[in-house]
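Note on naming: letters A, B, ... go to the chains in the order of the sequence lines (proteins, then strands), and numbering restarts at 1 for each one.
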There are 4 protein chains.
Amino acid sequence: METEVKVKLEKHNKQLENRGRLLVKCPDKPGIVSVLSTFLHNYDSNIIESSQYSSDPENGTFFIRIEYHCDHLAEKSANMEKDFEEIATTHSMDYEFAYPNERKRSAIFVSKEPHCLMELLWEWQNGDLDTDIVVVISNHEDARPFVEALGIPYYYIPANKDIRKQVEAEQIRLMEEYKVDLLILARYMQILTPDFVRHFENRIINIHHSFLPAFIGAGPYERAFERGVKLIGATSHYVTNNLDEGPIIEQDVERVNHRDDVTDLKKIGRKIERRVLAKAVKWHLENRIIVQDNKTIVFH
Amino acid sequence: METEVKVKLEKHNKQLENRGRLLVKCPDKPGIVSVLSTFLHNYDSNIIESSQYSSDPENGTFFIRIEYHCDHLAEKSANMEKDFEEIATTHSMDYEFAYPNERKRSAIFVSKEPHCLMELLWEWQNGDLDTDIVVVISNHEDARPFVEALGIPYYYIPANKDIRKQVEAEQIRLMEEYKVDLLILARYMQILTPDFVRHFENRIINIHHSFLPAFIGAGPYERAFERGVKLIGATSHYVTNNLDEGPIIEQDVERVNHRDDVTDLKKIGRKIERRVLAKAVKWHLENRIIVQDNKTIVFH
Amino acid sequence: METEVKVKLEKHNKQLENRGRLLVKCPDKPGIVSVLSTFLHNYDSNIIESSQYSSDPENGTFFIRIEYHCDHLAEKSANMEKDFEEIATTHSMDYEFAYPNERKRSAIFVSKEPHCLMELLWEWQNGDLDTDIVVVISNHEDARPFVEALGIPYYYIPANKDIRKQVEAEQIRLMEEYKVDLLILARYMQILTPDFVRHFENRIINIHHSFLPAFIGAGPYERAFERGVKLIGATSHYVTNNLDEGPIIEQDVERVNHRDDVTDLKKIGRKIERRVLAKAVKWHLENRIIVQDNKTIVFH
Amino acid sequence: METEVKVKLEKHNKQLENRGRLLVKCPDKPGIVSVLSTFLHNYDSNIIESSQYSSDPENGTFFIRIEYHCDHLAEKSANMEKDFEEIATTHSMDYEFAYPNERKRSAIFVSKEPHCLMELLWEWQNGDLDTDIVVVISNHEDARPFVEALGIPYYYIPANKDIRKQVEAEQIRLMEEYKVDLLILARYMQILTPDFVRHFENRIINIHHSFLPAFIGAGPYERAFERGVKLIGATSHYVTNNLDEGPIIEQDVERVNHRDDVTDLKKIGRKIERRVLAKAVKWHLENRIIVQDNKTIVFH
């Protein structure tokens, strides 16, 4: 079995070498798929996966994510991208080419509770997150041992609202030093300023410990207990300047009952948080998410 | 198989004849279970099912629901209830004796959308709701045919906010005429006045078409769509004078995605609404719900 | 809201008039999507939805379902289909053109338990099943009243294993008389012979009252109870000559516990059965299912 | 928050000191609850939680689990247990007294895949498993580093069917040396002999990587893929001498589709396996499980 998995993984990594992704957003009209697929075919690319969505077949916006295989892609991609410019102009396309073997570089911010961080590290060790985790930053020392044990640099930066400005300056410096593409807030319990968020638009993923928009803000489990809900949830979303109001990527819930006190809700909630955050991160890394009008289109 | 079910049902109905339920709420202290079980044993009752909950073992409130079998219960119950008064006084108990073969009388209010009404009628025909549905009231004529086909009286009472007072007077009159114990709002889209609600404290069950406290008030599916949530829900609750803020009985959710427009959300939502309301009604009829501090204890 | 829904529905029906679906299965190689999308574009068709799957990017089989809009489709479709033949030959394609406004004709077979039948009728009345239910056949009289109330012909054909041959002859005659495209076994408790099944390959959908392959055959709830499982399930599948072994379309489960006896399992199971069957029927009617090697590819 | 949790935990541990559990199984008849609750009350015990089940109110078997608080329990328990003997004899009771502060001693057996082991260690570090994990035994070296990092002894015992007898002798010796109460098979991929199992009746918990009784035996994910199921599952159960046929404790499932190959099924399956095993272990440690006729009664 073990061997089968390894052979499979090697095959998978080999395939990634010649794998490309094209994401397009443009005004909907007949012929777009034809244009795109013919373009790819002209470069001997084989479409492996294709997902599309139109907000409205008449006068709507069209979105498509194509994953393709192309032999010798590394040698061809610059030309392909250049050639595509004319198509994009003609059809008023916003677009992005992505190459899964150019792994995104992720940073994780965490406070005291390590469960979300641990889940991400675990998925990453399993080969289920196609990213390099290049740095972990925390306002506590707790998680240092098992982060450093994996060879990942760990920075302890104490934080509170009085020193927010200098803390964020230091964090941004590290983000730049480590060339971070994606910032994951794995239960990082400090508010980020608009200035910080502006540096990483649609590149910060947060986990909020409630089923948004219920219980926006602080103390969601305490308030869920107070309200007597029968399900609790968690929400992963991109961070914007409106607290807990950014585009939702994924949500899930678990059943609770009158016997569960706030401590129980937190325990149950941790299981939801970790899986909901891991899914969002995975989809982001696989270029499966398009943000539109404070909502997400997720092609999974 | 059919025969097996019938024999089973007859056996079940026969058992109900001598079946009693005792619900108690009192300050928690050692010996309460002993007092109650000894009391029942002295009347040759056999405890069939017992569920309890203590808000806090030290100085908390104790809740218990006991279902018991007692031969010749009809002849004994008056004496039992009288004898129990002293126990209740000694231990500062709030309590209720209920007898499942004295079926509760239910009224259903409905507007245009019939799915919740249909589900309740369906469960009722299956013998899964131990109640007599004695009257259906609607501000539309749509549901009349299939309600009357089941031999249930149907009243059409047009309603809007200008005539609310006289409408409610007529509704209350009908509730009294039909000796209604439980009022089920099966997607009845009119607001009830505090005066009306006061007549039926903890006896009106509503279905709200969102996962409360998200999307309180009107247009929850429209607002869920707008927010881009990845799950939608429904909530059954007792009606109080605070709109959509009464004690929650049951909630459930279904997964949605970016392809689902408002019409799709409503379709998916109907499936959640009907099952969430049916569960709440069933538990109420089986005396499984205790309301405490705007929350519910549900022994199921 | 009501008005909005109607406007939406009319718009939807209008759109269906010019809506086509193309399903293709062929050896995978680069350029297939380009060929198909260019073909459709040449007929001024706009691709509304497209889903594809490749069993293996190298030397695998490629499957695609395209839904497109095309003005004046009715006038063009014959030519389109003719023109497509050459493409199909070139690329060794199995394919099917379908037109949603040519509604499929469905027959429902039912025995005593009506819950699956009722759910289908309910979805159909809501406009959620794009089919004409042209006939209901049963070996019991129970369901006649509410089927005929909807204007659907109802045939009572007593059945048992001794008269199977003549029963099936009569059933096949009716299927032909009513030009039935899809046969739905909504808890029809008689075994069908290979001869009967051969008439309707991949056009008979059954609901089995277990989570297949657990509890193949008779008495699944009794056996689930005996085994002490903690979840029970239901499975919708195409009928083949191997009992309960046909391609699975959809499955779902519900939680049960030690308190649930066989009667309880059946009650809980009915809720699973009706939703699992309704989903399978809906997907079939929308041409979302491709059968391959006794498995299904479901594009939903 | 942190402080709140700690205070809560200390309070919880303090409560455990004087916490007892009484599990009883006996022929059902009126008065049992009265006898038990009066017995406990006579020792000034307060019933915290009580769950009961009767297989059949007439001539059935009665099961009850009572959790109680009793000041100075350690000094009283020997007397209580002695006094209880007469009651037990009178009512033909099988029974067990358990004291949560006498933590059970657990051993974990694991092979190559560490996810179930990791989940158990994680829950244990969180204080969610009331046990001492006293030893881990594996037929591989892989898990040694993170087990020993937690201060838990790790034994590498190579195993295959040719040396089974001596391997099991060594394992039994270690079980005795470490005074193991519970043996958890966290994806231990070796078959145990009847002789081994006999040593630990109803004290070995296994996780099987399928929704039993579907896919009993080897290669369940391969066979699930082959059959084309739409859900995959996992099952935790007590080990008996009939492979994969012991009393089921817990089961759960996840949705899969035609895109998921065997490797995907295994990845998804791991998430199910780890949570299903952790629940079973937790319930066992809390004395919530009674085995009866190859089924489990789980009071949770």
Side-chain angles (χ1 to χ4, degrees), chain A residues 51-56 60-61 63 210-216 220 223-238 242 244-261 272 276 279-280 283 288-300, chain B residues 51-56 60-61 63 210-216 220 223-238 242 244-261 272 276 279-280 283 288-300:
Chain A
S51 307
Q52 61 178 68
Y53 167 66
S54 178
S55 62
D56 190 337
T61 303
F63 305 84
S210 84
F211 182 82
L212 290 174
F215 310 124
I216 288 179
R223 288 149 67 206
F225 175 75
E226 195 58 39
R227 181 61 186 93
V229 294
K230 300 300 186 185
L231 297 167
I232 58 168
T235 304
S236 53
H237 63 94
Y238 287 113
N242 298 313
D244 302 336
E245 307 236 343
I248 293 171
I249 303 170
E250 173 66 347
Q251 305 189 284
D252 207 350
V253 296
E254 289 275 340
R255 198 157 281 281
V256 298
N257 66 44
H258 60 270
R259 293 184 202 280
D260 297 309
D261 61 22
I272 319 173
V276 166
K279 277 190 183 174
W283 294 335
R288 296 188 176 280
I289 312 176
I290 299 175
V291 174
Q292 172 79 348
D293 295 341
N294 207 44
K295 310 204 315 197
T296 61
I297 293 157
V298 183
F299 289 127
H300 62 82
Chain B
S51 307
Q52 61 179 68
Y53 168 66
S54 178
S55 61
D56 190 338
T61 303
F63 305 85
S210 85
F211 181 83
L212 289 174
F215 310 123
I216 289 179
R223 288 151 65 207
F225 175 76
E226 195 58 39
R227 182 62 186 92
V229 293
K230 299 300 185 186
L231 297 168
I232 57 167
T235 304
S236 53
H237 63 93
Y238 287 112
N242 298 314
D244 302 335
E245 306 236 343
I248 292 171
I249 304 169
E250 172 66 345
Q251 305 188 284
D252 207 351
V253 296
E254 289 275 340
R255 200 156 280 282
V256 297
N257 66 44
H258 61 270
R259 294 185 201 280
D260 297 308
D261 61 21
I272 318 173
V276 167
K279 276 190 184 173
W283 293 336
R288 295 189 177 279
I289 312 175
I290 300 175
V291 174
Q292 173 78 348
D293 294 341
N294 206 45
K295 311 207 308 200
T296 62
I297 293 157
V298 183
F299 290 127
H300 61 82

Closest non-hydrogen atoms of A:Gly228 and B:Ile248, given as atom of the first, atom of the second and distance, are O-CB, 3.7 Å
Contact origin within [X] toward chain A - heavy atom pairs under 4.5 Å:
| X | result |
| --- | --- |
| B:Ile216 | neither |
| B:Asn294 | both |
| B:Asp293 | neither |
| B:Arg223 | neither |
| B:Thr235 | neither |
| B:Lys295 | side chain |

Counting heavy-atom pairs under 4.5 angstrom with chain A, the leader among B:Val298, B:Asp252, B:Leu231 is B:Leu231
If you tally heavy-atom pairs under 4.5 Å between each of B:Val253, B:Thr296, B:Asn257 and chain A, the highest tally belongs to B:Thr296
The side-chain contact (heavy atoms from CB on, under 4.5 Å) partners of B:Ala224 (sequence neighbours excluded) come to B:Phe215, B:Val229, B:Ile232, B:Leu265
Contacts of B:Gln292 meeting side-chain contact (heavy atoms from CB on, under 4.5 Å) (sequence neighbours excluded), chain-then-number -> B:Lys25, B:Thr61, B:Phe63, B:Ile297
Answer key: most heavy-atom pairs under 4.5 Å with chain B among A:Gly246, A:Gly233, A:Pro247 is A:Gly246
Taking C-beta and beyond as the side chain, do [X] and [Y] meet within less than 4.5 Å on heavy atoms?
| X | Y | answer |
| --- | --- | --- |
| B:Tyr238 | B:Ile289 | yes |
| B:Asp260 | B:Phe225 | no |
| A:Lys230 | B:His237 | no |

### Query
Going by the angle between their ring planes, with limits at 30° and 60°, are B:Trp283 and B:His300 parallel, tilted or perpendicular?
parallel
